[in-house]
Amino acid sequence: MSLHDPVPAPEDAGIQIRNLTVSYDTDRGRFHALNDVTLDIRPRHITGFIGESGSGKTTLAMAMMNAIHNPGRIDGGSVLLEGAGDVLRLKGEELRRLHGRYFGFVFQASSNSLNPLKRIGAQLMDLGRSHGVTDLRALLREAKTLAERMGMDGDRVLTSYQHELSGGMRQRVGIIFALVLKARVIILDEPTTALDMLSQQAVLEIVRTIHQERGLTTVIITHDMGVVAEMADRVVVLYAGRVVEEGPTQSVLRHPRHPYTRGLIHAIPRITGNLHDVEPLQGTPPDLATIPTIGCVFRERCPIRAPICDTVAPTPTSAHGDGIVTCHGVDQHD
Ligand SMILES: Nc1ncnc2c1ncn2[C@@H]1O[C@H](COP(=O)(O)OP(=O)(O)OP(=O)(O)O)[C@@H](O)[C@H]1O
Ligand SMILES: [Mg+2]
């Protein structure tokens with residue numbers, strides 16, 4: 001139940017994304033950063049978004065919250081959030097209230113979202129006030145508990161300015177901000193990149209525990225396949241703004257169907273476990289200005305390219321039981 005809102009968000013906040021297309025206006029033209037993305041984010045699951053830099057992970061997360069700003073634009077589609085309807089139809093105060101009730105978001109560079117001139121505790125109170133929290137003491141107690149569960153001195157964190165905290169501590173503070181309002185959907189964009197292995201483990205552990213305790217809908221965006229393997233129930237693989245594969249993590253990581261997913265997994269020693277098996281992914285990450293507009297967007301880098309890939313874009317087919325793969329080269333039935 002929300003700390004502050006008389007109408008609680010439903011326990012299970014699943015999200016159905018349908019045909020979502022987002023573009024950015026750049027000095028080279030307007031390009032699609034997400035192209036016709038259809039995806040279900042399941043409640044009480046941790047979903048990992050993976051894909052190379054520029055594949056659209058952050059854009060997808062922001063679009064799910066209807067938080068795409070200039071020079072970006074949502075061109076079409078819908079984002080149905082259980083209990084709230086189509087998020088893309090909301091704006092202004094309604095959207096702000098929805099963000100407070102439902103979403104906790106940790107930005108990719110979370111230290112940038114802190115105010116350098118205010119102590120962390122004061123910023124937490126501002127956050128609470130802006131979302132109508134009346135019991136600010138309870139909010140601070142909750143933040144202190146979270147800080148301590150993440151291995152920090154709670155009092156010290158609350159009385160510090162951002163520059164008094166290490167990069168790793170700031171990252172954990174970002175996570176506290178996302179959790180403290182009791183949101184139902186938590187989105188963590190690269191939550192552990194500034195952390196050493198031990199702190200990373202501590203942070204992932206608390207995220208997982210709170211996810212379970214509160215029955216959250218959690219999304220983790222990461223480059224780190226180890227984090228996905230350890231944390232995510234399901235994984236979404238993005239390439240050039242398309243979902244190329246989606247399914248239960250174990251199945252996708254053990255039996256990747258899309259050649260891009262295979263490439264990603266083989267490029268990482270932590271998954272194969274053998275340094276000799278590591279093969280860098282061929283080619284360079286896609287540039288939106290030059291990706292093909294007809295046929296398959298991955299074909300230039302694809303080891304199983306066929307003539308049809310030049311002319312026809314593959315459509316999602318069923319894979320991994322209840323998941324999908326978007327590739328002409330895979331068997332349609334499994
Ligand atoms: N504000 C913006 N203006 C113009 N183009 C943008 C903007 N934000 C993102 N893009 C473009 O949209 C595409 C997707 O970017 P996005 O940040 O969503 O990728 P990402 O998968 O999160 O990458 P990373 O792993 O580097 O964080 C990229 O080609 C990027 O250049
Ligand atoms: Mg990103």
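Note that ligands are numbered from 1 as they come in the structure, with each ligand's atoms numbered from 1 the same way.
The residue among G54, S53, P71, A240 with a heavy atom at the shortest distance from atom 1 (N) of ligand 1 is P71. Closest heavy-atom approach to atom 21 (O) of ligand 1 within the set H69, M62, K57: this belongs to K57.
Ranking protein heavy atoms by distance to atom 17 (O) of ligand 1, first place goes to T58 CB, 3.9 Å. Among all protein heavy atoms, the one lying closest to atom 27 (O) of ligand 1 is Q108 NE2, 2.7 Å. At the top of the distance list for atom 2 (C) of ligand 1, counting protein heavy atoms only, stands Y24 CD2, 3.5 Å.
In this structure, the side chains of Q200 and D224 come closer than 4.5 Å at one or more pairs of heavy atoms. Side-chain contact between R234 and L39 is absent, with no heavy-atom pair separated by less than 4.5 Å. Contact of the I74 side chain with the L20 side chain is registered, since non-hydrogen atoms from C-beta on lie closer than 4.5 Å.
The protein does not reach atom 30 (C) of ligand 1 closely, with no heavy atom under 4.0 angstrom from it. Note that atom 19 (O) of ligand 1 has protein non-hydrogen atoms nearby, at separations under 4.0 angstrom.
T192 places no side-chain N or O within 3.5 Å of a backbone atom of L195 that could act as its donor or acceptor partner. Without hydrogens or angle criteria, R299 side chain to C309 main chain gives a donor-acceptor distance under 3.5 Å. A donor-acceptor pair under 3.5 Å is absent between the side-chain atoms of R18 and the main chain of S78, judged by distance alone. Using modelled atom types, no side-chain atom of D40 and backbone atom of Q16 make a donor-acceptor pair closer than 3.5 Å. Side chain of T21 to main chain of D36: a donor-acceptor pair is present (N/O by atom type, distance under 3.5 Å, no hydrogens or angles). For R170 (side chain) and L165 (main-chain N/O), a donor-acceptor pair under 3.5 Å exists by modelled atom type. Side-chain N or O atoms of R184 include none that pairs as donor or acceptor with a backbone N or O of G14 at under 3.5 Å. For R137 (side chain) and D135 (main-chain N/O), no donor-acceptor pair under 3.5 Å exists by modelled atom type.
At a 4.0 Å cut-off, not a single heavy atom of G51 sits close enough to ligand 1 to count as contact. Under the 4.0 angstrom criterion for non-hydrogen atoms, S55 is in contact with ligand 1.
The ligand atoms of ligand 1 that sit less than 4.0 angstrom from a heavy atom of A33 are 12 (O), 13 (C). Within the listing of ligand 1, atoms 25 (O) sit less than 4.0 angstrom from a heavy atom of H223. Close approach of ligand 1 to T59 (heavy-atom distance below 4.0 Å) involves ligand atoms 14 (C), 15 (O), 16 (P), 18 (O). For ligand 1 and L288, the ligand atoms under 4.0 Å from any heavy atom of the residue are 12 (O), 13 (C), 29 (O).
Take a cut-off of 2.8 Å around the Mg ion (ligand 2): the protein N, O or S atoms inside it are T58 OG1, Q108 OE1.
Every N/O-N/O distance between E190 and ligand 1 stays at or above 3.5 Å. Every N/O-N/O distance between T26 and ligand 1 stays at or above 3.5 Å.
H258 has its ring centre no less than 6.0 Å from the ring centre of Y239.
Between L117 atom CG and Q162 atom CD the span is 9.0 Å, to the nearest 0.5 Å.
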